[in-house]
Every structure is written in structure tokens, then in C-alpha cells.
**Q** 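Take this structure first; my questions come after.
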Amino acid sequence: ESNRQELLANIAHELKTPLAVLQGHLESMLDGVEEPAPDKLFSMQEEVMRLTRLVGDLRDLSLAQVHRLELHLQPVDLDEKVERAADMLEPLLEEKKLRFVKELAPGLPERQLDPDRLNQILYNLITNAIRYTHPGTPILLKTEPAGDRVRLTIADEGPGIAPEDLPHVFEQFYRGDKSRNRASGGGIGLSLAKSFVEAQGGTITARNRNQGGAEFVVEV
């Protein structure tokens, strides 16, 4: 019950800001204080899109947790999906002068996966690494065989995850100690990744690297 109440409070908090922005702009336009200029309308559209994404993510998360998430399974080449995700997210590296280091094992067997859900897993884990790693460092994207499965590792060279936060990084809206450099969690991206991996019969773990930074390991 306590977890449910906390989750509802966090969802309300996430919805409150974009709704307040929209309400403020609309009231100003209706009162004639500001004109419905294109830049203002664009800002409002961004907030609506943010709300739409959040509601969609929350719906997918709830369906996955009760094993009702619809999956469209087909043969998927993991290396191809990793390459494509890296290409799409390349522009995000420029500001922090980051780079991808790819260690993709050739000839991995195709796996029966949902390509759209796999893309969401990749995007969430890679953007998480980009957000928390140190400027000028590499982000490792590695694939390898793992018995009858395939293994994906996404690793950064950031401050890592505080030991007390490590067991909670996949919880919705979990926030680590604000005094630490790495604010573990805080949204639902990692929760979504975990739910989507497990819905497809896989596993995901988070751990700190011996050389510094954190890594997320997915087996499917």
C-alpha cells in the first residue's frame, strides 16, 4: 500500500509540471496577455508530447507488470539493432564529447524478440549511460553469446551507482542520494527496460565496474 501511494504521488508530480505550463500559457492567451505566437504554440506542443509519452510509458509498464503486454515476436539480429540505435543516438554524444566503443560479436544467432520493445530497451539504457558518464569518455556497447542466449552489455565510465542505490535502480521514480554525482533512477526508463526484457523471457542486471562506472547487462 505504501509503494502504491508513493507511485501515485510520483506520477502526479510528473504530470503536474507540464499541465501547469499548458494551463499558464492558455490562460495568458485567453486573457489577451500573450499572443498565440508559433514559438509559444510549439512549446505547448512539446509539453503535450511529453505528457503523451509519459502516459504511454506508464500504460506499457503496467501491462508488462501484469504480463499483458502485447508482443510481436520475430527473428531479430541484436548486432543490427545495436548499430542502428547507436547511429540514431550519435548526435547526443557531441555536447559531452563522448564516443561509442562497439565490441559486437559476429555471427550471433537471431532471437525471437519484439523489435520495437528491443529498441526501447536500447534507447533507455544508452541514453542513461550518456546522461551519467563523464565528458570525454567512451560508452561500451558489447554483444556476445551466452549459452543458448545472447548477451548485451552497455557500460559507462561515470561515477557509478551508490551501493545502497544499486538494488533499487529499476524501481519506478526511485531517486538516489541527491548529494551524489549520479542520481540513480528518478524516472521510469530503467523500469520500462526491465519490464520489457523480462516480458520477452530475458534478464537484466546493473552493477558497478571495477575500473569505475556502471554497466547494464541484458540476456535474451
**Q** Does one hydrophobic cluster hold both M29 and V21, with members joined at side-chain heavy-atom distances below 4.5 Å?
**A**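 The answer is no; the residues belong to distinct hydrophobic clusters.
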**Q** Would you mind listing the cluster partners of L140? Hydrophobic ones only (ILVMFWY), side-chain contacts under 4.5 Å, chaining allowed.
**A**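 When side chains under 4.5 Å apart are linked, the cluster holding L140 also contains V101.
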**Q** Answer yes if L41 and M49 sit in the same cluster of Ile, Leu, Val, Met, Phe, Trp and Tyr residues linked by side chain heavy atoms under 4.5 Å apart, and no otherwise.
**A**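 Result: no, two separate clusters.
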**Q** Cut-off 3.5 Å, no hydrogens considered: what does the side-chain donor-acceptor table look like for residues 210-218, sequence neighbours left out?
**A**
{"from": "E215", "atom 1": "OE2", "to": "R207", "atom 2": "NE", "distance (Å)": "2.6"}
{"from": "E215", "atom 1": "OE2", "to": "R207", "atom 2": "NH2", "distance (Å)": "3.1"}

**Q** Starting from L89, can I reach L152 by hopping between I/L/V/M/F/W/Y residues whose side chains sit under 4.5 Å apart?
**A**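 Linked, L152 and L89 end up in one cluster.
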**Q** Determine whether L141 and L122 make a side-chain contact, defined as any pair of heavy atoms from C-beta on separated by less than 4.5 Å.
**A**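 Not in contact.
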**Q** Under the side-chain contact (heavy atoms from CB on, under 4.5 Å) rule, collect the residues that match up with I11, sequence neighbours excluded.
**A**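 Per chain and number, I11 pairs via side-chain contact (heavy atoms from CB on, under 4.5 Å) with L7, L15, L58, F173.
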**Q** Taking NZ in K81 as the centre, count heavy atoms belonging to other residues, nucleotides or ligands within less than 6.0 Å. Is the count above 12?
**A**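 Counting neighbours around NZ of K81, more than 12 heavy atoms of other residues, nucleotides or ligands fall under 6.0 Å, so yes.
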**Q** Partners of S191 by side chain to side chain donor-acceptor pair (under 3.5 Å), sequence neighbours excluded?
**A**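 Per chain and number, S191 pairs via side chain to side chain donor-acceptor pair (under 3.5 Å) with no residue.
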**Q** Side-chain atoms of residues 68-77: list all donor-acceptor pairs with protein atoms under 3.5 Å, sequence neighbours left out, distances to 0.1 Å.
**A**
{"from": "D77", "atom 1": "OD1", "to": "D79", "atom 2": "N", "distance (Å)": "3.0"}
{"from": "D77", "atom 1": "OD1", "to": "E80", "atom 2": "N", "distance (Å)": "3.2"}

**Q** Are the side chains of K142 and V82 in touch, meaning some heavy atoms are under 4.5 Å apart?
**A**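 Of all side-chain heavy-atom pairs linking V82 with K142, none is under 4.5 Å.
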**Q** Taking only residues two or more places apart in sequence or in another chain, which ones pass side-chain contact (heavy atoms from CB on, under 4.5 Å) with T52?
**A**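 In terms of side-chain contact (heavy atoms from CB on, under 4.5 Å), with neighbours along the sequence ignored, T52 is linked to V48.
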**Q** Are the charged groups of E46 and R50 less than 4.0 angstrom apart, N to O?
**A**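 Salt bridge flag = no for R50 with E46.
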**Q** Evaluate the side-chain contact (heavy atoms from CB on, under 4.5 Å) criterion for residues H134 and E157: first the C-alpha distance (whole Å), next the side-chain angles of each, then the deciding distance (0.1 Å), finally the verdict.
**A** CA-CA 6 Å; H134 292 309; E157 295 189 7; 5.5 Å; no
**Q** Check step by step if side-chain contact (heavy atoms from CB on, under 4.5 Å) holds for F196 and L118.
**A** CA-CA 8 Å; F196 290 168; L118 179 58; over 6 Å; no
**Q** Test side-chain contact (heavy atoms from CB on, under 4.5 Å) on Y132 and I161 and set out the steps.
**A** CA-CA 10 Å; Y132 292 116; I161 305 169; over 6 Å; no
**Q** So do Q65 and E198 actually touch side chain to side chain, heavy atoms under 4.5 Å?
**A**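 Of all side-chain heavy-atom pairs linking Q65 with E198, none is under 4.5 Å.
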**Q** Does the pair L92 and L98 meet the rule for a side-chain contact (heavy atoms from CB on, under 4.5 Å), with working shown?
**A** CA-CA 9 Å; L92 300 182; L98 305 173; over 6 Å; no
**Q** Rounded at 0.5 Å granularity, tell me how far OG in S195 sits from CD in Q172.
**A**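 It is 7.0 Å, given to the nearest 0.5 Å.
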